Amino acid sequence: MQKVSVRSVQDHQPMTMQVYSRWDLEGMHDFLECLEPDMALKILTCLDDSADLVRASAVSRYWQKVVVSNGLCKQLCMRTFPQLGSITRVVEPSHDNLGKSEHRAYASLFRAITAFPLTFCIADPVSASSTGYPKDSIKNICRGSYFKTICRGSYWLSRGSDDPETPETLIYNLSANFCVVTEINLHLRKGLVSGYPIYSSRFVRFRMGHPKSVKDLNYDFIKAQECADDKFIWTYTSPVFPVAQENLLQKFRLPAPVVCIGGYLQIELLGRVSKSSDDKYYICVAQVEAIGRTLSPLFSVAFSESSDDVHLKYDAEECGYILSTCGSISRVQPQH
């Protein structure tokens with residue numbers, strides 16, 4: 001160890017600074033190893049970013065053991081995104097060590113959920129609880145802002161009801177069976193005749209989940225004009241949002257980003273406001289958007305219908321490449 005004299009910035013007085021050589025440092029102890037294991041674990045659990053946990057695991061073999069053996073990246077994901085609690089196993093074809101495989105998978109997953117670019121997530125419509133006329137199908141509003149641009153007269157119209165409390169539901173298949181949704185946007189519209197009111201719901205609520213059986217999805221619910229609500233297991237339910245009675249796109253930002261495991265979204269329209277000339281209450285929707293992050297094909301989920309197992313599939317090599325580019329694309333926003 002050498003002693004080097006330097007001058008203090010404040011008082012310009014000489015002071016001594018100790019400079020340690022590599023050989024001096026080799027004789028020192030890892031402060032984390034000097035602590036009780038529970039205390040070391042508590043310290044590293046305070047890290048709230050998977051990138052920091054990855055860096056910590058590279059400090060020494062002991063730090064790596066604490067991070068990997070206790071599944072700290074997995075714990076961080078579960079705390080931040082509770083929907084991931086349904087995953088029972090990680091499948092990484094290129095690696096056999098379960099502990100390290102989970103560590104890499106959840107570290108990369110946390111980064112993907114928070115850094116992948118935002119995009120439109122709705123792929124196809126599945127069903128509507130009712131449809132006024134065949135031409136007013138939910139298919140008219142399945143393409144978000146793009147479809148509205150090329151076909152401005154398109155909309156979905158419910159069946160008329162004497163009861164203003166009659167709800168309606170719309171179900172959509174998202175662009176991947178594993179994605180993150182941050183907000184959902186709706187445009188409730190006026191009747192086509194000038195002077196007609198806005199056929200809006202009073203409130204809206206959102207659910208996300210997966211089908212009870214893949215076989216059920218081979219049925220064309222739209223063509224049969226049947227509701228598919230009972231064909232799904234909804235693992236997330238949002239708060240109820242009030243709907244403004246305005247002819248414009250309304251944005252409903254979820255309290256926190258939601259990991260949708262299964263890839264299906266239900267929009268529940270609660271209550272009705274306006275009557276038509278036939279003295280019945282209607283709901284009319286001109287546009288639907290779901291904004292979020294698609295995690296496929298780097299991540300995907302597989303369900304076992306014979307048990308409650310949900311497997312997270314992870315492509316480590318491709319994920320490493322994509323995540324290395326996220327710094328330049330993570331600020332991309334969908335354009336209306």
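Quick caveat: nothing in here was measured; it's all calculated off a predicted structure.
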* To do: Could you check Arg272 against Glu168 for salt bridge (charged side-chain N to carboxylate O under 4.0 Å, His left out), going step by step and ending with a plain yes or no?
  => CA-CA 9 Å; Arg272 304 177 183 222; Glu168 295 285 353; 2.4 Å; yes

* Asked: Among Phe303, Phe232, Tyr264, whose ring pair (Phe, Tyr, Trp, His ring centres under 6.0 Å) with His210 holds?
  -> Phe303

* Enumerate the residue pairs fulfilling side-chain hydrogen bond (donor to acceptor under 3.5 Å, both in side chains) with a member in residues 66-85, sequence neighbours excluded, ordered by first and then second residue. => none

* Could you verify whether a donor N or O on one side chain and an acceptor N or O on the other, from Gln245 and Ser200, lie under 3.5 Å apart? => yes

Donor-acceptor list for residues 34-49 side chains, cut-off 3.5 Å, not counting sequence neighbours:
residue : atom : partner : partner atom : Å
Thr45   : OG1  : Leu41   : O            : 2.6
Asp49   : OD1  : Ala51   : N            : 2.8

* So, for Ile141 and Ala286, which heavy atoms are closest and what is the spacing to 0.1 Å? -> CG2-O, 3.2 Å

* Structure fact -> Shortest non-hydrogen pair, Cys121 vs Arg293, comes out as SG-N, 4.0 Å

* Checking Ser274 side chain against Ile198 main chain: does a donor-acceptor pair fall under 3.5 Å? -> yes

* Sequence neighbours excluded - salt bridge (charged side-chain N to carboxylate O under 4.0 Å, His left out) pairs with any residue from residues 275-285 -> Asp162-Lys280, Lys275-Asp279

* To do: Taking salt bridge (charged side-chain N to carboxylate O under 4.0 Å, His left out) as the test, write out the residues that go with Arg205, two or more places apart.
  => Glu268

N/O donor-acceptor pairs under 3.5 Å from side chains in residues 236-244, not counting sequence neighbours:
residue : atom : partner : partner atom : Å
Thr237  : OG1  : Arg207  : NE           : 3.4
Ser238  : OG   : Phe206  : N            : 2.9
Ser238  : OG   : Phe206  : O            : 3.4

* To do: Spell out, as yes or no, whether a donor-acceptor pair under 3.5 Å connects the side chain of Thr294 to the backbone of Ser296.
  => no

* Using modelled atom types only, decide if a donor and an acceptor are shared between the side chain of Asn140 and the backbone of Lys135 within a distance under 3.5 Å. => yes

* Asked: Counting only heavy atoms not in Lys65, do more than 12 fall under 6.0 Å of its NZ?
  -> no

* Qualifying salt bridge (charged side-chain N to carboxylate O under 4.0 Å, His left out) pairs with a residue from residues 219-243, counting only residues at least two apart or across chains -> none

